[in-house]
Amino acid sequence: MDRASGPGEGPAQDTLQSLNQRLRVQEEEMELVKAALAEALRLLRLQGSPTSLQGYGTLAPMRDSSPAAPPGLPPTCSLSLVSRGTQTETEVEMEPSPEPPCLSNGPPASQGGSEEPSGTQSEGGGSSSSGAGSPGPPGILRPVQPPQRAETPRRNSSSSSSPSERPRQKLSRKAASSANLLLRSGSTESRGGKDPLSSPGGPGSRRSNYNLEGISVKMFLRGRPITMYIPSGIRSLEELPSGPPPETLSLDWVYGYRGRDSRSNLFVLRSGEVVYFIACVVVLYRPGGGPGGPGGGGQRHYRGHTDCVRCLAVHPDGVRVASGQTAGVDKDGKPLQPVVHIWDSETLLKLQEIGLGAFERGVGALAFSAADQGAFLCVVDDSNEHMLSVWDCSRGMKLAEIKSTNDSVLAVGFSPRDSSCIVTSGKSHVHFWNWSGGAGVPGNGTLARKQGVFGKYKKPKFIPCFVFLPDGDILTGDSEGNILTWGRSLSDARTPGRGGAKETYGIVAQAHAHEGSIFALCLRRDGTVLSGGGRDRRLVQWGPGLVALQEAEIPEHFGAVRAIAEGLGSELLVGTTKNALLRGDLAQGFSPVIQGHTDELWGLCTHPSQNRFLTCGHDRQLCLWDGEAHALAWSIDLKETGLCADFHPSGAVVAVGLNTGRWLVLDTETREIVSDVTDGNEQLSVVRYSPDGLYLAIGSHDNMIYIYSVSSDGAKSSRFGRCVGHSSFITHLDWSKDGNFIMSNSGDYEILYWDVAGGCKLLRNRYESRDREWATYTCVLGFHVYGVWPDGSDGTDINSLCRSHNERVVAVADDFCKVHLFQYPCARAKAPSRMYGGHGSHVTSVRFTHDDSYLVSLGGKDASIFQWRVLGAGGAGQPPATPSRTPSLSPASSLDV
């Protein structure tokens, strides 16, 4: 917290900070000494006598002359500290190792080591603001007889130096090292994002990378080195498994429906399945058959699209479906062109791809012709001119094309009586098009437009929908809440702007149907018409002459009516603007069968003992989902944006972090808030209970981790302490299996470790945490998972990561709309994965259910929730014997599924 300083407080404050920094430096140096001695004693105990250690160098016997050390290390040395430039090192003697040097994802390291960036370096790429960084262990120590040291000259030292002068030189070098550390800036900005291996330095300023063989590996993000220590149980990195995991994913269920911002998105097929879309997936939902789901429903999915689906059309045969997607970009920034797929709803096989390279921005509206058994398809794209084109469905050829209007086009359709008549509607217009096919020759067809005449009637701002009546008239619904009836007539020669008698389309009747806009019209099999209102949320059935016959109101929490489809018998399907799909009739009312969020999603956690999971996001809704029934168990309004959540190990309560620094604890049965606490005023990015449920960790964007003691039932909590030391906002954290330690990541790629039980202390010697076992693994930076990072990553490509409970696989959510499945541990360069598409936005989170039978993934802006079934060699079992692999940022060679 910033405080106003008095006139004389500046120098005193600086002196105090200098003393504190000097104390930290001395503590780090002592930690290095302890680590070096501990490693030497361990090796001596293992070997009993000086023998060779394969892969680590040779523990040499004491003798008069020592062999040459590897480049970058002195020929002989004792346990002391040497300053090179601004980096303090532990000086040790090592033999060259027969194994190849550690791989690096960034610039190649020199033979003996590479240079470190200035600043007290944490294990991650950023430097700790509390001086928490410390270099790794020194390597393998060789005992050297003190009398023989005088005979071997030290590198970069004068051979004429007397033994009495050497202690003074060492002390001066040590003092210089401390002074250099005090003068360095601990902020990541002070490094200016420079490549750490190319930082300039004067003579004698070469800095070791501590990347000694068998000790650590290093990767680079945005040019910043991230050092990770290899667990002691790994004798050789090459022994670790490679290849994609045996487990695979199968899309089991998609929660949500895109009704918020799309139209032409709900139809019923001949099979009785309801077809709609969300993200890049077209869902075929059977309300009454198949295993699982509300009412015994099931889902199938067409996943042929590479970007978000925007519109649908069903062929007159009730089997074939046309779906149009928007334009997008791939992970390399290359544009993905809009296209229309025609596919078989029974086999889910693509039959035809139409318009690749012919559309701009996206496909806005689609319609099959009806009078000629669906031989033609009309398409309107989202370009500025809203190009209207007609295509031969069987041959995939464009027959005619014309610029329709600069105003938005919201609907298109063929007349069921005459395929040469096409109607479009949208912003302040209704257009009637006459199409001549040009004898089926590509490009020879013509389209001629006639504009609907409003005459004495007020022209509405929008006309979102229309429907053809059996007698040939057309009904339109507009933003004024009116239903207009359009018919053909001969224009009078006296009509201004009209010369002679010509056929025109004008309004023959008007009926005020709704308060607010009319979003949907549907012609029923009995000849009546259904209209769905926006503001009043009413469904009205109209008879001949637009006489109201029956109506029903949709509950407010489902939103306004977006689309209407007629099901079997009197059953109706209604899509709403709050991304819900309702089923029922006008007499009995409607109940939800599909529900979803309406805005960007971030928070996700799975129940510790049931196939249930909880989600939250920018729509301020907190939702608990039943993964077995594929239904929403309950939802509440948080009043604020929810960004993270976690269940207590008992499952009785759940903690939810908000964007204002508040966090809530709710009873999962009663949905009552049992605790409401605020920590700072920055958004919270992660909340996590310890595996024993005794602690709750809150990671904030104010760079702190708040620790709370929790009662046995999880309902009460009290502040235990704070973990202070990160120099950027907290992104991820995990608890150790014993519930005493935390591993955390931050926005500047730091990896820090904390002793919570010991008073929330920062563990400065991260080398000692290399063998610690973690109850969960959601940190995106760490030795066991760094192989998931793609080549050239900027540090934001991985949004979420989760290790399965059986510790066999790692699921990854990336910024390119993909979910990946890697083997665990994943520390091999170019680690292969199984890759799964379907999301239309960055995937923000992934989590396994309690028994690893399902994986849940969240789409960001597409507001979708995917539930994947885990197939293959998963299930309960012992984790792999070895916990890791090697470093790199090469692209993960993925198997696209």
Side-chain angles (χ1 to χ4, degrees), residues 602-617 620-627 632-700 702 704-723 730 733-742 744 754 756-757 759-760 775-776 778 805 845 847 849-850 856:
W602 281 95
L604 170 65
C605 63
T606 54
H607 195 280
S609 59
Q610 302 174 17
N611 277 334
R612 291 188 160 201
F613 57 93
L614 188 140
T615 58
C616 56
R620 304 183 177 186
Q621 296 295 309
L622 180 69
C623 299
L624 180 67
W625 305 89
D626 188 330
L632 179 66
W634 54 256
S635 67
I636 65 169
D637 188 356
L638 294 173
K639 308 298 184 183
E640 296 176 13
T641 298
L643 298 176
C644 51
D646 193 41
F647 278 100
H648 187 269
S650 67
V653 297
V654 63
V656 183
L658 308 179
N659 67 331
T660 57
R662 287 179 62 211
W663 55 273
L664 313 174
V665 178
L666 296 94
D667 188 298
T668 56
E669 292 298 326
T670 65
R671 305 175 225 174
E672 295 180 355
I673 297 176
V674 298
S675 182
D676 186 341
V677 183
T678 300
D679 283 311
N681 55 8
E682 300 278 351
Q683 71 181 49
L684 304 181
S685 50
V686 56
V687 295
R688 185 85 70 238
Y689 283 99
S690 61
D692 54 13
L694 297 181
Y695 295 107
L696 174 63
I698 312 289
S700 174
D702 64 6
M704 298 184 190
I705 302 175
Y706 300 89
I707 307 297
Y708 283 79
S709 297
V710 181
S711 61
S712 58
D713 60 358
K716 297 180 180 180
S717 59
S718 59
R719 173 76 72 84
F720 179 80
R722 292 186 307 172
C723 298
I730 313 302
L733 65 85
D734 292 291
W735 286 90
S736 61
K737 289 186 177 180
D738 60 13
N740 293 328
F741 300 91
I742 282 178
S744 58
W754 311 87
V756 175
C760 301
T776 59
T778 61
H805 296 87
S845 188
R847 290 292 183 270
T849 55
H850 73 103
V856 181

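The first residue in the sequence is number 1, and the count goes up from there. Values reported hereafter were calculated over all heavy atoms of this structure, with side chains retained and with hydrogens, waters and symmetry mates removed.
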Determine yes or no for a side-chain-to-main-chain donor-acceptor pair under 3.5 angstrom, with [X] supplying the side chain and [Y] the backbone.
| X | Y | value |
| --- | --- | --- |
| H648 | V710 | no |
| S690 | L694 | yes |
| S711 | K716 | yes |
| D667 | E672 | no |

Closest contact, heavy atoms only, [X] versus [Y]:
| X | Y | value |
| --- | --- | --- |
| L622 | L614 | CD1-CD2, 2.9 Å |
| G714 | V665 | O-CG1, 3.7 Å |
| D713 | S650 | O-OG, 4.4 Å |
| I730 | M704 | CG1-O, 3.6 Å |
| T668 | G651 | OG1-O, 3.0 Å |
| D626 | R612 | OD2-NH2, 4.0 Å |

Quiz item: Could you go step by step and tell me if I742 and R688 meet the side chain to side chain contact (heavy atoms under 4.5 Å, CB included) rule?
Solution: CA-CA 10 Å; I742 282 178; R688 185 85 70 238; over 6 Å; no
Self-check item: side chain to side chain contact (heavy atoms under 4.5 Å, CB included) assessment of L684 paired with L658
Solution: CA-CA 6 Å; L684 304 181; L658 308 179; 5.9 Å; no
Quiz item: Does D679 pair with R722 as a salt bridge, N-O distance under 4.0 Å?
Solution: no
Quiz item: Is it true that E640 and R620 make a salt bridge, defined as a side-chain N closer than 4.0 Å to a carboxylate O?
Solution: no
To the nearest 0.5 Å, what is the distance between [atom1] on [X] and [atom2] on [Y]?
| X | Y | atom1 | atom2 | answer |
| --- | --- | --- | --- | --- |
| Y695 | I707 | OH | CD1 | 9.0 Å |
| K639 | Q621 | NZ | CD | 9.0 Å |
| Y706 | L696 | OH | CG | 13.5 Å |
| D692 | K737 | CG | NZ | 14.0 Å |
| H850 | Q610 | NE2 | CD | 7.5 Å |
| N659 | L643 | CG | CG | 5.5 Å |

Practice problem: Dump the intermediate steps for side chain to side chain contact (heavy atoms under 4.5 Å, CB included) on C723 and S744, then the final yes or no. | Solution: CA-CA 10 Å; C723 298; S744 58; over 6 Å; no
Quiz item: Of F647, W625, F613, which meets ring-ring contact (aromatic ring centres under 6.0 Å, His included) against H607?
Solution: F647
Exercise. Sequence neighbours left out, what passes side-chain contact (heavy atoms from CB on, under 4.5 Å) with R671? Give chain and number order.
Key: W634, I636
Practice problem: Could you list the residues that satisfy side-chain contact (heavy atoms from CB on, under 4.5 Å) with P649, not counting sequence neighbours? | Solution: Y689
Quiz item: Between S635 and L624, does a side chain to side chain contact (heavy atoms under 4.5 Å, CB included) hold up when you go through it step by step?
Solution: CA-CA 6 Å; S635 67; L624 180 67; over 6 Å; no
Exercise. Apply the side chain to side chain contact (heavy atoms under 4.5 Å, CB included) test between L666 and each candidate in V656, V653, D676, V674; give the one that qualifies.
Key: V656
Quiz item: Do we see a donor-acceptor contact under 3.5 Å between the side chains of W735 and T776?
Solution: no
Quiz item: S845 and W602: side-chain donor and acceptor closer than 3.5 Å?
Solution: no
Quiz item: Is the Y708 ring parallel, tilted or perpendicular to the W663 ring (thresholds 30°, 60°)?
Solution: perpendicular
